[in-house]
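Please read the structure below before turning to the comments.
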Amino acid sequence: MSDVNTPLVTPKKRKWSWVDWAVQFRWILVITVVLPISKAFDIWAEWGDWWSARKSEKQRQEEHDKHVDEVVKRLKSRDPAKDGLVCTARKPWIAVGMRNVDYKRVRHFEVDLSPFRQILEIDEENMVARVEPLVTMGQITRMTVPRNLALAVVAELDDLTVGGLINGYGIEGSSHIYGLFADTVVWYEIILADGRLVKVTRDNEYQDLFYAIPWSQGTLGFLVAAGIKLIKIKEYMRVTYMPARGTVRDIGQAYLDSFIPSDGDQDNPEKVPDFVEGMVYNEHEGVMMIGRYASKEEAHQKGNVINNQRFWFKKWFYQHAQTALKRGEFVEYIPTRDYYHRHTRCLYWEGKLILPFGDQAWFRYLFGWMMPPKVSFLKATQGDAIRNYYHERHIIQDMLIPAYKVPEALEFSHREFELYPLWLCPHRLFKAPVKTMISPEPGFEYAGRPGDTPYAQMFTDVGIYYTPNAVFRGEEFDGIAAVKKLEQWLIDNNAYQAQYAVTELNEADFWRMFDASLYNKCRAKYKAVGTFMSVYYKSKKGKKTEKEVREEESKTVENAYADVEKPMTD
């Protein structure tokens, strides 16, 4: 691994190719094909959600039971000797993440989970939503927010699904209180490799599986429903925009100061806001935002500014927040559902690359109602050449790092990527009865660092989503080498990479970043080995060779892992 102090970007100019032109003028295809199809799909999906909501809970449950039976029968019909490893029938381009899902380009046994997209129950007495895995964030906020309810963690983009956020990774501005999306799950309903349907909780006989499911990417069984924590909310979010200037370390410290009380009273709701977010616009400027739920009566008091962010002609949210650098600190009230999905219309700031003029007033007023283009349709229309171009010259990564290392991480990002804006979002990483795939740093509870509590360490997601400035300048940029360097930095700093992203790690280094002990025990105990592919097999870049497929299929529970019955310990 190269020296982390050696910059990867050089002033050497690179030659343009036809792919550069194809990317530059891709907006023509986006406007004429992708946007209309995306809007039509949204209308169809919303109609389906409306129809589902009209059904009785009994009817939705009967349909759910029928679909579960179909999955069980399909799974039991598999012939391990010839049918290949089990995975969902979902097409590779449909996933919102940027991995190419290359494991589906070789022999595999498909199970259709597409019917599992209903909200089965909103239990206001126990404050739990029981939902199927393909329920989206947009779908569930349409049902819950009018009742002044919401999931404790609502990921920003409308199309993100419950299953993806549980099995993979999900975060929101409330995660500094509630943790990652999977931390808000009360129970899972899972179909295991042998066809059994089990309910998994943190304190029943499947306790080990409860802690192994997050980050497992569906490689322990099929998630068919989950109970997720609900919270009471109010109609508006009171958002305070606070500009920050200085070095990148100064900006990082301003971000930490925005939500970490100086006296360490991290559990005091009077001192800690409901939502936190930071955006770094360049190496000298950023804007920190904190939000608190507010009633309709408060929002409509004389003198208060209301920003109905949902309107298609509104300035994109990240650009609206950037105005604080000129205006100074200001406060406004945003309807709560608008706030939850504030980054959807412009896909954070990726929309600027997809449609260079998409942020212009004329486009927003005339065509903004069709935004955003669906990531899945963008992937379906890009082809291998453009896909590889983005892989080499575009970065989409999330660095999950201990909060006290944010200033250092911003310096690293500037040195290696020189890419802006950057997204900052804090989240708690809770202690668990066992060491899970991701865990707090050993001994964090004794270090007394700002933001930490005895039961959780404060982490931060540094979101790196854009094209590096070197590429805009026409210089050489090695995206593969940059990601390798990023991953090594994460390993060296007890940090993690979101698994939806492209990884350059070999298997040994992958398991240096993530802890495989509980995951491997559950893979063996619940007979997933030889049926469901492993996490690394799914994450590994590139089409699998026939040899790799045979090796993965030939694994057996008996020789895969040892000590599977060892009890859980602290």
Side-chain angles (χ1 to χ4, degrees), residues 17-49 89-102 104-105 114 117 134 136-139 155-161 164 309-319 341-396 463 465-467 471-472 500-502:
S17 69
W18 70 268
V19 183
D20 291 284
W21 292 108
V23 170
Q24 184 169 348
F25 291 100
R26 195 179 173 206
W27 60 266
I28 298 173
L29 181 66
V30 173
I31 288 179
T32 58
V33 178
V34 177
L35 275 180
I37 294 177
S38 297
K39 189 61 181 179
F41 187 89
D42 279 338
I43 293 171
W44 173 83
E46 287 187 26
W47 183 89
D49 297 342
R90 199 178 190 194
K91 298 303 180 184
W93 53 268
I94 292 179
V96 176
M98 294 307 296
R99 284 191 294 114
N100 296 328
V101 198
D102 287 317
K104 289 190 177 181
R105 301 168 73 182
S114 61
R117 53 172 296 111
L134 292 183
T136 66
M137 293 296 99
Q139 180 182 353
E156 287 91 345
L157 302 184
D158 286 28
D159 289 343
L160 296 173
T161 64
Q309 188 64 35
R310 70 183 179 279
F311 291 140
W312 70 89
F313 51 80
K314 284 283 188 174
K315 182 176 287 190
W316 288 355
F317 183 77
Y318 83 95
Q319 294 177 337
H341 301 296
R342 61 199 179 278
H343 291 299
T344 291
R345 191 156 20 99
C346 55
L347 300 174
Y348 287 88
W349 28 86
E350 290 282 328
K352 183 67 173 173
L353 293 175
I354 299 166
L355 291 169
F357 44 77
D359 59 340
Q360 299 299 305
W362 67 268
F363 183 89
R364 288 188 277 111
Y365 275 88
L366 292 177
F367 302 106
W369 55 276
M370 288 196 293
M371 291 289 284
K374 288 198 172 295
V375 174
S376 55
F377 295 142
L378 289 170
K379 290 169 65 177
T381 58
Q382 69 184 6
D384 286 342
I386 293 179
R387 182 180 69 175
N388 292 334
Y389 177 95
Y390 283 130
H391 180 59
E392 295 168 1
R393 297 185 178 92
H394 190 79
I395 303 295
I396 298 185
Y465 328 123
Y466 213 55
T467 297
V471 176
F472 289 129
Y500 77 83
V502 175

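Side chains included, hydrogens not; waters and symmetry mates left out as well; all remaining heavy atoms used.
- Within 6.0 Å of the NZ atom in Lys39, the count of heavy atoms belonging to other residues, nucleotides or ligands exceeds 12.
- Residues Phe313 and Trp369 form no side-chain contact, since every pair of their non-hydrogen atoms from C-beta on lies 4.5 Å or further apart.
- When all heavy atoms of Phe377 and Ser38 are compared, the closest pair comes out as CD1-OG, 3.4 Å.
- Only one option out of Lys352, His394, Arg393, Glu350 pairs with Thr467 in a side-chain contact (heavy atoms from CB on, under 4.5 Å); it is His394.
- Closest heavy-atom contact between Cys346 and Tyr318: SG-CD2, 4.1 Å.
- Arg364 and Gly358 get closest at one heavy-atom pair: CG-O, 3.5 Å.
- Looking at every heavy atom in both residues, Pro36 comes nearest to Val30 through CD-O, 4.2 Å.
- Residues Thr136 and Asp158 form no side-chain contact, since every pair of their non-hydrogen atoms from C-beta on lies 4.5 Å or further apart.
- Taking 4.5 Å as the limit, some side-chain heavy atom of Phe472 sits within range of a side-chain heavy atom of Tyr466.
- Met137 CE to Asp159 CG: the interatomic distance, rounded to the nearest 0.5 Å, is 10.5 Å.
- In this structure the side chain of Asp49 reaches within 4.5 angstrom of the side chain of Arg117, judged on heavy atoms.
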Q. Are Val375 and Lys379 close enough, and set up right, to give a side chain to side chain contact (heavy atoms under 4.5 Å, CB included), and what steps lead you there?
A. CA-CA 6 Å; Val375 174; Lys379 290 169 65 177; 3.9 Å; yes
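- Classification of the Tyr348-His343 ring pair by plane angle, with boundaries at 30° and 60°, yields parallel.
- Remark: the backbone N or O of Glu156 is paired with a side-chain donor or acceptor of Thr344 at under 3.5 angstrom.
- Defined by atom type and a distance below 3.5 Å, a donor-acceptor pair is missing between the side-chain atoms of Gln382 and Tyr389.
- Proximity of Phe363 to Leu355: side-chain heavy atoms (C-beta onward) are separated by under 4.5 Å at one or more points.
- No side-chain heavy atom of Lys374 sits less than 4.5 Å from a side-chain heavy atom of Ile37.
- For Ala501 against Ile396, the heavy-atom pair with the smallest separation is CB-O, 3.5 Å.
- For the residue pair Gln139 and Leu134, the shortest heavy atom distance occurs at OE1-O, 4.2 Å.
- Side-chain N or O atoms of Trp27 include none that pairs as donor or acceptor with a backbone N or O of Ile354 at under 3.5 Å.
- Rounded to the nearest 0.5 angstrom, Trp312 CH2 and Arg310 CZ are separated by 10.5 Å.
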Q: Could you please spell out the steps behind the side chain to side chain contact (heavy atoms under 4.5 Å, CB included) verdict for Leu160 and Tyr500?
A: CA-CA 12 Å; Leu160 296 173; Tyr500 77 83; over 6 Å; no
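- Judged by distance alone, the side chain of Arg345 and the main-chain N or O of Gln309 form a donor-acceptor pair under 3.5 Å.
- Of the possible donor and acceptor atoms, none in the side chain of Trp349 sits under 3.5 Å from a partner among the backbone N and O of Gln319.
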Q | Working for side chain to side chain contact (heavy atoms under 4.5 Å, CB included), residues Leu353 and Tyr465 | A | CA-CA 11 Å; Leu353 293 175; Tyr465 328 123; over 6 Å; no
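- Using bins of under 30°, 30° to 60° and over 60° for the plane-to-plane angle, the ring pair Trp44/Phe41 lands in the tilted bin.
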